[in-house]
Amino acid sequence: MDPQAVKSDLVLILDFGSQYTHLITRRIRALSVFSLCISGTCPLSSITSLNPKVVILSGGPHSVHSNDSPSFADGFVDWAQSNGVFVLGICYGLQLLVQRLGGEVRVGEKQEYGRMDIAVEKNCGIFGGKKVGDKLVVWMSHGDEAARLPDGFEVVARSQQGAVAAVEDRDRKFYGLQYHPEVTHSPEGMETLRYFLFDVCGVNAGWKMEDVMDEEIEVINNTVAPDDHVICALSGGVDSTVAATLVHKAIGDRLHCVFVDNGLLRYKERERVMETFERDLHLPVTCVDASEQFLSKLKGVVDPEMKRKIIGKEFICIFDAFAHELEQKLGKKPAFLVQGTLYPDVIESCPPPGSGRTHSHTIKSHHNVGGLPKDMKLKLIEPLKLFFKDEVRQLGRILKVPEPFLKRHPFPGPGLAVRVLGDVTEGNALDIVRQVDEIFIQSIKDAGIYDSIWQAFAVFLPVKSVGVQGDQRTHSYVVTLRAVTSQDGMTADWYCFENSFLKEVSQKICNNVRGVNRVTLDITSKPPSTIEWE
């Protein structure tokens with residue numbers, strides 16, 4: 001964004017590579033405060049030109065002791081202090097601030113990961129709304145800790161293990177939190193950020209999602225020439241549907257949607273999705289059956305990263321072919337491809353070229369991010385790539401996308417390829433996982449808890465176990481069920497079903513799906529796991 005357009009209450013996040021960094025941006029926007037995120041190693045001029053009121057130093061996977069650990073530019077501390085800019089360090093950001101200001105950071109005697117209680121020691125500054133002795137449940141993720149604070153700093157909260165959890169130097173307007181207030185598993189994290197921004201820093205609210213829609217439409221119109229045509233890859237999920245509606249609002253009938261059956265869809269997904277597109281969205285959608293093409297390329301492939309890259313490449317081949325057909329019809333080849341990529345996809349796929357992000361560790365490649373070939377003929381339009389799922393749903397409501405679309409659980413672009421561990425073409429793995437998934441999801445809907453769950457699905461395991469069915473010994477496959485609660489997909493907890501529900505679902509699966517004699521339940525949060533299995 002042009003620096004001249006930035007509001008005076010800008011909150012700027014310096015990104016040092018945490019997988020949670022853009023959650024900070026998202027949380028601040030949710031408070032109706034404008035925020036931007038740029039590389040933590042950018043030149044000082046990139047920061048000063050934006051004239052932020054608050055700078056937040058993000059977490060990161062590095063240790064401040066590493067030779068290649070990222071840091072803010074020389075002169076940043078002096079500039080912030082002389083201009084009265086508030087600075088908040090989160091996790092690695094706190095340690096970086098402590099170290100650069102003359103304190104000491106060392107490897108902690110006990111590492112702290114996951115939920116933990118902290119106790120307020122001083123009810124001032126960032127905890128001005130608390131009482132001494134108040135306890136907060138927070139999400140920790142660190143191995144190093146602040147051992148000696150710089151001059152002017154004081155400890156305002158400690159963990160249950162005695163580690164420094166929060167520090168501040170109110171005179172210089174420098175603050176630090178060792179935990180992650182931005183994740184949903186720090187229950188009072190949003191309130192802490194709210195108090196810090198409004199009560200400590202004096203930031204004014206005023207930014208709203210309608211502004212986002214107008215900005216994105218303007219970007220699309222500035223990118224797509226008046227005579228250009230655009231292809232949109234529709235999956236039937238929330239992301240691509242909102243992306244298509246947004247682009248259609250910008251360029252109208254020059255948008256051409258395509259739905260690809262890659263042979264990796266859920267039970268009767270193709271029929272259901274196409275009916276909904278025509279009945280509810282009134283979008284002209286071409287359905288391409290490429291199941292044989294995809295499955296032949298995936299035969300024998302067991303590595304999940306390779307699966308994603310193969311699927312990404314095949315999608316692009318199909319879109320190129322579809323573009324060629326449109327060229328014959330229109331006399332002009334479409335120049336752009338719209339995808340519903342979200343920011344969690346980008347974060348987890350390794351920073352894309354030109355993003356300015358260099359310090360995060362790759363978790364997995366998403367087919368529409370890390371799997372794109374370098375020689376792709378179509379240029380990408382990804383209007384949602386800096387948004388999170390809850391923001392996309394909010395934008396969809398503004399765009400009047402039907403509520404059933406907005407409430408659909410996320411479904412991965414690679415489809416069931418990442419829900420069948422091992423070779424997806426071997427035996428009847430795809431048929432089994434489709435049937436199990438259908439029973440599971442329909443049971444959830446019948447129980448009236450679908451909207452309480454962020455995502456639910458079944459996973460096929462290439463493992464057989466001994467069972468007894470019909471008084472006979474069986475040697476059949478194991479499936480697992482996964483259901484999580486979340487707000488944005490960056491962190492998640494497993495959903496706690498009633499025992500009676502699980503008993504009924506297990507019986508339905510074993511009685512109706514041939515080839516399955518054992519049902520398991522995944523009770524792992526994110527982190528340490530991802531939501532999808534692979």
Side-chain angles (χ1 to χ4, degrees), residues 11-18 21 24 37-48 50-109 112 118 120-122 124-128 140-159 162-182 192-193 196-197 200-201 359:
V11 176
L12 183 66
I13 293 93
L14 298 188
D15 176 17
F16 293 106
S18 168
T21 293
I24 308 171
C37 181
I38 63 176
S39 171
T41 58
C42 68
L44 182 60
S45 59
S46 298
I47 300 172
T48 60
L50 292 171
N51 191 33
K53 185 165 187 174
V54 180
V55 174
I56 296 179
L57 311 178
S58 85
H62 292 76
S63 167
V64 294
H65 301 297
S66 301
N67 293 330
D68 60 348
S69 61
S71 181
F72 45 71
D74 291 337
F76 168 77
V77 170
D78 291 338
W79 165 80
Q81 189 173 345
S82 61
N83 288 274
V85 176
F86 292 85
V87 178
L88 172 64
I90 293 177
C91 197
Y92 175 85
L94 175 150
Q95 297 167 8
L96 182 62
L97 198 60
V98 167
Q99 185 195 57
R100 288 293 299 268
L101 290 174
E104 180 186 355
V105 177
R106 68 186 180 195
V107 176
E109 294 182 4
E112 296 181 324
I118 67 170
V120 175
E121 292 194 346
K122 294 190 178 181
C124 54
I126 201 165
F127 291 131
M140 291 286 196
S141 183
H142 68 98
D144 292 348
E145 65 180 12
R148 179 174 53 83
L149 299 184
D151 292 341
F153 276 82
E154 58 183 347
V155 177
V156 294
R158 289 186 183 275
S159 74
V164 171
V167 300
E168 58 186 46
D169 179 342
R170 292 190 300 283
D171 291 340
R172 288 191 285 182
K173 301 181 179 179
F174 292 161
Y175 300 81
L177 298 173
Q178 187 56 73
Y179 63 92
H180 289 274
E182 70 273 22
T192 300
L193 288 174
F196 174 70
L197 292 176
V200 176
C201 304
H359 303 293

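As the structure is a computational prediction, the values presented were derived from the model and not from experiment.
- The side chain to side chain donor-acceptor pair (under 3.5 Å) test applied to Arg148 returns no partner, not counting sequence neighbours.
- Scanning both residues, Val85 and Pro52, for their nearest heavy atoms gives CG2-O, 3.8 Å.
- For Phe174, the ring pair (Phe, Tyr, Trp, His ring centres under 6.0 Å) criterion is met by no residue, not counting sequence neighbours.
- Considering only residues two or more places apart in sequence or on other chains, Phe153 meets the ring pair (Phe, Tyr, Trp, His ring centres under 6.0 Å) condition with none of them.
- Residues meeting the side chain to side chain donor-acceptor pair (under 3.5 Å) test with Glu121, sequence neighbours left out: Arg158.
- Closest heavy-atom contact between Leu14 and Gly40: CB-CA, 3.8 Å.
- With sequence neighbours excluded, the residues forming a side chain to side chain donor-acceptor pair (under 3.5 Å) with Ser159 are Glu112, listed by chain and number.
- Residues satisfying the ring pair (Phe, Tyr, Trp, His ring centres under 6.0 Å) criterion with Phe127, sequence neighbours excluded, are absent altogether.
- Within the structure, no pair that satisfies the salt bridge (charged side-chain N to carboxylate O under 4.0 Å, His left out) test touches residues 81-99, not counting sequence neighbours.
- Take Lys173 and apply the salt bridge (charged side-chain N to carboxylate O under 4.0 Å, His left out) test, not counting sequence neighbours, and it matches no residue.
- Legend: residues meeting side chain to side chain donor-acceptor pair (under 3.5 Å) with Ser63, ordered by chain and number and at least two apart, are Asp144.
- For residues 73-87, the set of pairs meeting the side chain to side chain donor-acceptor pair (under 3.5 Å) definition, not counting sequence neighbours, comprises Asp74-Arg100.
- Side-chain N or O atoms of Tyr92 include one that pairs as donor or acceptor with a backbone N or O of Pro70 at under 3.5 Å.
- The SG atom of Cys201 lies 8.0 Å from the CD1 atom of Ile126; values are rounded to the nearest 0.5 Å.
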